[in-house]
Amino acid sequence: MSTSAVGVSKHQVLGFWQSTNGKKIVMAVTGCILILFVIGHLLGNLLIYAGPARYNAYASFLHFDETLLWIVSLILLVAAVLHITAAAQLASRNMKARPVSYSRKEAIRSSYASRTMYWSGPIILAFLIFHLLEFTGGFIHPGSHFVPGDVYHNVVAGFSVWWISAWYIFSLCLLGLHLRHGLWSMLQSFGMPHSRAREIALKRLALWIAVILMAGYISIPISVLTGLIK
């Protein structure tokens, strides 16, 4: 009896994953996890304005329990893999459903963010890998020596290189577009909009959340380049 119940459960999970609505819900849930990380990461990064001691203390605090850190990292990794996989499979499913492209393509009730959703994702992924290799691992750190434990020095030294800051800002602008549409899609997947007025209000909310988050992140390389953070 228990074996049968487990079999049914696995069948239901597989059916849920294979359905279009199931993939959209997975994208919404994993997107929510990733957005919470983006918010928390920004709040921590803004401590750089408090000076080296405060910022390095924050970085050190994140490593107070290595087991917990690995668990959180694993959750984020699984969420990212599921998010990317679901997005890629949905994109493939959409292309198969419409194998012949329109002779004249018009964007009706679609935003620039939604139309760049699929190609901005891989660019953001490449940015994250580069970001980890530079600021976390220290494998890529042009123009300066990477100092383990001195996160303040590594961030300032990294962003002092103009093309790194430019790449960072460009990638964050794409992330902002991705977040704007992602937040709206997440609200849609959870069935929140029930009227045209509410739909417009939620779209504006998603836009402002994305703008505020990206402005916070982008302010750091700009502050380094302008000398506000030294």
Side-chain angles (χ1 to χ4, degrees), residues 31 33-77 79-80 83-84 113 116 119-180 182-183 207-230:
I33 293 172
L34 295 172
I35 287 170
L36 289 175
F37 168 74
V38 169
I39 294 172
H41 192 56
L42 172 61
L43 294 176
N45 280 344
L46 290 178
L47 288 174
I48 195 169
Y49 290 104
R54 186 72 181 276
Y55 192 61
N56 286 336
Y58 156 72
S60 178
F61 169 76
L62 293 179
H63 293 268
F64 80 99
D65 190 331
E66 293 295 335
T67 302
L68 180 61
L69 182 63
W70 275 107
I71 292 173
V72 172
S73 300
L74 183 61
I75 291 173
L76 290 172
L77 178 61
H83 193 80
I84 293 169
T116 60
W119 63 262
S120 64
I123 295 176
I124 294 169
L125 177 61
F127 157 72
L128 289 175
I129 293 172
F130 181 86
H131 185 71
L132 289 172
L133 289 174
E134 181 183 14
F135 292 117
T136 303
F139 299 105
I140 302 173
H141 208 68
S144 178
H145 179 65
F146 182 82
V147 182
D150 193 347
V151 183
Y152 184 93
H153 165 271
N154 296 332
V155 170
V156 174
F159 286 142
S160 295
V161 180
W162 72 268
W163 62 266
I164 289 181
S165 287
W167 167 242
Y168 188 86
I169 292 170
F170 169 72
S171 299
L172 283 171
C173 287
L174 289 182
L175 178 59
L177 291 173
H178 203 86
L179 278 177
R180 185 266 179 197
L183 282 165
L207 173 62
W208 278 109
I209 291 175
V211 168
I212 291 171
L213 289 175
M214 294 309 101
Y217 276 109
I218 291 173
S219 72
I220 297 174
I222 290 177
S223 295
V224 172
L225 289 174
T226 57
L228 181 62
I229 296 177
K230 299 180 180 179

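Hydrogens, waters and symmetry mates play no part in the numbers below; they use all other heavy atoms, side chains included.
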task = Given ring-ring contact (aromatic ring centres under 6.0 Å, His included), test F64 with F61 step by step and report yes or no.
result = CA-CA 5 Å; F64 80 99; F61 169 76; 5.2 Å; yes

task = Test I218 against C173 for side-chain contact (heavy atoms from CB on, under 4.5 Å), laying out the working first.
result = CA-CA 9 Å; I218 291 173; C173 287; 4.2 Å; yes

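Note that NE2 of H178 is 10.0 Å distant from CG of L183, once rounded to the nearest 0.5 Å. The line from CG of L174 to CD1 of I169 is 12.5 Å long, rounded to the nearest 0.5 Å. Put simply, CG on L213 and CG on L172 are 10.5 Å apart, with the number rounded to the nearest 0.5 Å. Note that the CH2 atom of W70 and the CG atom of L77 stand 10.0 Å from one another [nearest 0.5 Å].
Between G31 and H83 the shortest heavy-atom distance is N-ND1, 3.6 Å. Closest of all the heavy-atom pairs between A80 and L34 is CA-CD1, 4.2 Å. Nearest heavy-atom pair across A59 and V151 is CB-CG2, 3.4 Å. The minimum heavy-atom distance between L42 and G216, with the atom names listed, is CD1-C, 3.5 Å.
Residues satisfying the side-chain hydrogen bond (donor to acceptor under 3.5 Å, both in side chains) criterion with S60, sequence neighbours excluded, are absent altogether.
Counting heavy atoms from C-beta outward, L179 and M214 have side chains that approach closer than 4.5 Å.
In this pair, Y58 and Y55 present their aromatic rings tilted. The plane angle is within the 30 to 60° band.
Of the possible polar contacts, none joining the Y217 side chain to the N45 backbone as a donor-acceptor pair under 3.5 Å is found.
Among residue pairs with one or both ends in residues 218-230, those qualifying as side-chain hydrogen bond (donor to acceptor under 3.5 Å, both in side chains) are Y49-S219, Y49-S223; sequence neighbours excluded.
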Contacts table for residues 153-168: side-chain donor-acceptor under 3.5 angstrom, sequence neighbours left out:
unit_1	atom_1	unit_2	atom_2	d
N154	OD1	V147	N	2.9
N154	ND2	V147	O	2.8
N154	ND2	D150	O	3.2
S160	OG	V156	O	2.6
S165	OG	F159	O	2.7

